[in-house]
Amino acid sequence: MEIALSLHKSQTPLLGSSCPGNLSPLGRSFASKVRHYWSRPFSRICCSSMERRLKPRPKKIGNVERQVTVLEDSQIRKTSSSGICCQIEKLVLYNRYREAMELFEILELGYDGSDVGGRTYDALVSACVGLRSIRGVKRVYNYMINSGFEPDLFVMNRFLFMHVKCGLMLEARNLFDEMPERDTVSWMTMIGGLVDSRKFSEAFRLFLCMWEEFNDGGSRTFATMIRASAGLGLVQVGRQIHSCALKRGVGDDNFVSCALIDMYGKCGSIDDAHFVFDQMPEKTTVGWNSIIATYALHGYSEEALSLYYGMRDSGAAIDHFTISIVIRICARLASLEYAKQAHAALVRHGYGTDIVANTALVDFYSKWGRMENAQHVFNRMSCKNIISWNALIAGYGNHGQGEEAVEMFEQMLQEGMIPNHVTFLAVLSACSYSGLSERGWEIFHSMSRDHKVKPRAMHYACMIELLGREGLLDEACALIRSSPFQPTKNMWAALLTACRMNENLELGKLAAEKLYGMEPEKLCNYVVLLNLYNSCGKLKEAAGVLQTLKRKGLRMLSACSWIEIKKQPYAFLCGDKSHSQRKEIYEKVDNLMVEISRHDYVEENETLLPDVNEEEQRILKYHSEKLAIAFGLINTPHWTPLQITQGHRVCGDCHNAIKLIAKVTGREIVIRDASRFHHFRNGSCSCGDYW
DNA sequence: CTACTCGGGG
């Protein structure tokens, strides 16, 4: 049996700064464990180009106030239109877009625009792009058309850019098609816009046309097309462009390299990504960020964190991207200590107001049930978006505070934020976890009625779970039948769980069969049915399920739980005897068991632990989560909550035991298991004993 | 005048 691992015992990170690729064997094996158990990749939903932040225009030196003299209203009325144009150009130079647009309104109202030139339109484009103002785009463009100004290629390109950046792709396309002449900039502006709006195939089509016409493209072209292949997930296409870029001698270009790292990373070729990174003549901040994000994306959280330390030592500048990624990694590793450091770094480097990093922090604290901290960070954020709200609402829901989740949801509506499908998922599951079924139904019905968000299959799965918790299996079935979708695996899984909780064999078998058809390789489906048979006393059928598993060659995995103490993660296997503190740990478990047996604890042998092999079932008393908890209790002060991560679902026996352990020790214990968070507090769990 | 990296269910 493998030993509990203790990582980076010395304070030095896992790997040296000079060679980020070489992990210590310990790091490797821990990482492979993490990956093994927690390999769900983060889904990436690309932000729309609208939401992307603008790169700030380089600031000009000098005192803005002194150089831009803002005219009084009375003066402006007397000024000629060329004077106003001059003012607009100056204001834009100093990023004062709003004022520039106010002046434009004066032009619009009082002048025909006959002497407004290309430079002013150029400035107005910058203002519209800076403000992301769709209305502004249309006004400026119409004004130009009406004034009879004939734009040259440069100005046309700028107008094209303006439409693309403001998300007006149809208008941009019309503009592009009607342009009398087009250069590579026009093409790349259009193609870049298509990539931003995730129309990758169309981008490639245009790229091929452009290639035919010009047979030319600089490093920017390649970087964009690499991003397009990343979006399509086609590593072969990406490779072709890579070799093309090499042939043209721009393989070393910073932007090309960064795009390549990202592309190989997203396509799953981490080695290739690392190779490109190693080849970079100068490792820039973006390069580091990309490689760190790649490792993080594939669950190599330890390596990613080590790379971050390598980056710090290398002297590369840490930016808000870096810190956002690191916080996200901490959320995975449940590493409060590292997260605190990252939080501090965020403030120290002057990114304390960055919305992404702060949202990642809210998410981090929410995930681990530190709702006071999450709320605190949230309250201090000067600007919040829907993602920030969603993270907070989901946090309350996941940790059993359904009322607060609903309250935040309502506050969000009051502040005029438009909820999206993720918001509803968070608030509906919160209602379900906390048994607020009436409220849940109200919100479910209000989705399409009041908020124009069509319920997706996941929302239906959520409502099925809600019904299942109330034991309303017939209604759950009816909901599946009446849903506008083909029933999805999530819906059947919710029904199967409901059947296990309510011991409904007939329906359970049906749901299980449907699931087997959809995901025959997924172990936990079989285990849920197995547990259902066991709890109904159908031992013969249960054995049959085990036979099926053997026939399909599906093996139960070793359950592993890990906990972080003083920045070091420790992993435990079931019945693990390898840790140097094993004596204390086992004594602690034994003592705890004795103590909780005074509080109505009865050892339960019926349930099989999902995803765990048979031998391990027999040592119920020493399941990995119990060992991790004992270890945590020994090694942390009594006011610290314990945070445990594991890839398997908690078994019924552990769940009961941990509730009581939380009660007798007065500790908060948070377990993130394969399906959800369990927040144990004073004898009860946030999941409401339903999982 | 156009490029690269970050945030929310499952």
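Here is how names work: the chains are called A, B, and so on, in the same order as the sequence lines, proteins then strands, and each is numbered from 1. When reading the values below, keep in mind they use all heavy atoms of this one structure, side chains included, and skip hydrogens, waters and symmetry mates.
Checking B/dA3, B/dG10, B/dG9 against every side-chain atom of A/Asp253, the shortest atom distance belongs to B/dA3. Which of B/dA3, B/dG9, B/dT2 sits closest to the side chain of A/Val185 comes down to B/dT2. Checked against B/dC6, B/dA3, B/dT2, the side chain of A/Phe321 finds its nearest nucleotide in B/dC6. Distances from the side chain of A/His421 to the nucleotides B/dA3, B/dT5, B/dG9 place B/dG9 closest. Checked against B/dT2, B/dG9, B/dC6, the side chain of A/Lys367 finds its nearest nucleotide in B/dG9. The side chain of A/Ala394 approaches B/dG9 more closely than any other nucleotide in the set B/dT5, B/dA3, B/dG9. When distances run from any side-chain atom of A/Ile387 to the nucleotides B/dG10, B/dG8, B/dA3, the shortest one goes to B/dG8. Closest to the side chain of A/Ile386, out of B/dG8, B/dA3, B/dC6, is B/dG8. Listed nucleotides: B/dT2, B/dC6, B/dT5. Nearest to the side chain of A/Arg220: B/dT2. The nucleotide whose nearest atom lies closest to any side-chain atom of A/Arg158 is, among B/dG9, B/dC6, B/dT2, B/dT2.
Remark: A/Lys283 is not in phosphate contact with B/dT5, judged by side-chain N or O atoms under 4.0 Å from OP1 or OP2.
Nucleotide B/dG10 holds its P atom 17 Å from the CG atom of A/Leu515, rounded to whole Å. Separating the CZ atom of A/Phe677 from the C1' atom of B/dG8 is a distance of 13 Å, rounded to the nearest angstrom. One interatomic measurement links the two molecules: CD1 of A/Ile292 to C1' of B/dT5, which rounds to 10 Å at whole-angstrom precision. In this entry the distance linking CG of A/Asp363 with C1' of B/dC6 reads 13 Å, nearest Å. If you take CZ of A/Arg182 and C1' of B/dC1, they are 17 Å apart, rounded to a whole angstrom. Rounded to whole Å, atom P of B/dG9 lies 11 Å from atom CZ of A/Arg328. Distance CD1 (A/Ile241) to C1' (B/dA3): 13 Å, rounded to an integer number of Å. Taking atom CG on A/Asn398 and atom P on B/dG9, their separation rounds to 8 Å, with Å as the unit.
When heavy atoms are screened at a 4.0 angstrom cut-off, A/Ser324 is found touching base atoms of the nucleic acid. Using a 4.0 Å heavy-atom criterion, one finds that A/Asp183 contacts the bases of the nucleic acid, with or without backbone contacts as well. Using a 4.0 Å heavy-atom criterion, one finds that A/Asn157 contacts the bases of the nucleic acid, with or without backbone contacts as well.
Residues forming a salt bridge (charged side-chain N to carboxylate O under 4.0 Å, His left out) with A/Asp253 (at least two apart in sequence, or on another chain): none. Judged as a ring pair (Phe, Tyr, Trp, His ring centres under 6.0 Å), and not counting sequence neighbours, A/His343 has no contacts.
Taking a 6.0 Å sphere around CZ of A/Phe275, one finds it holds 12 or fewer heavy atoms contributed by other residues, nucleotides or ligands. Atom NZ of A/Lys514 has 12 or fewer neighbouring heavy atoms from other residues, nucleotides or ligands inside a 6.0 Å radius.
Side-chain to base pairing of A/Asn390 with B/dG9: no donor and acceptor N or O lie closer than 3.5 Å to each other.
Side-chain atoms of A/Arg239 and A/Ser229 include no donor-acceptor pair closer than 3.5 Å. Between the side chains of A/Thr284 and A/Asn254, at least one donor N or O sits under 3.5 Å from an acceptor N or O.
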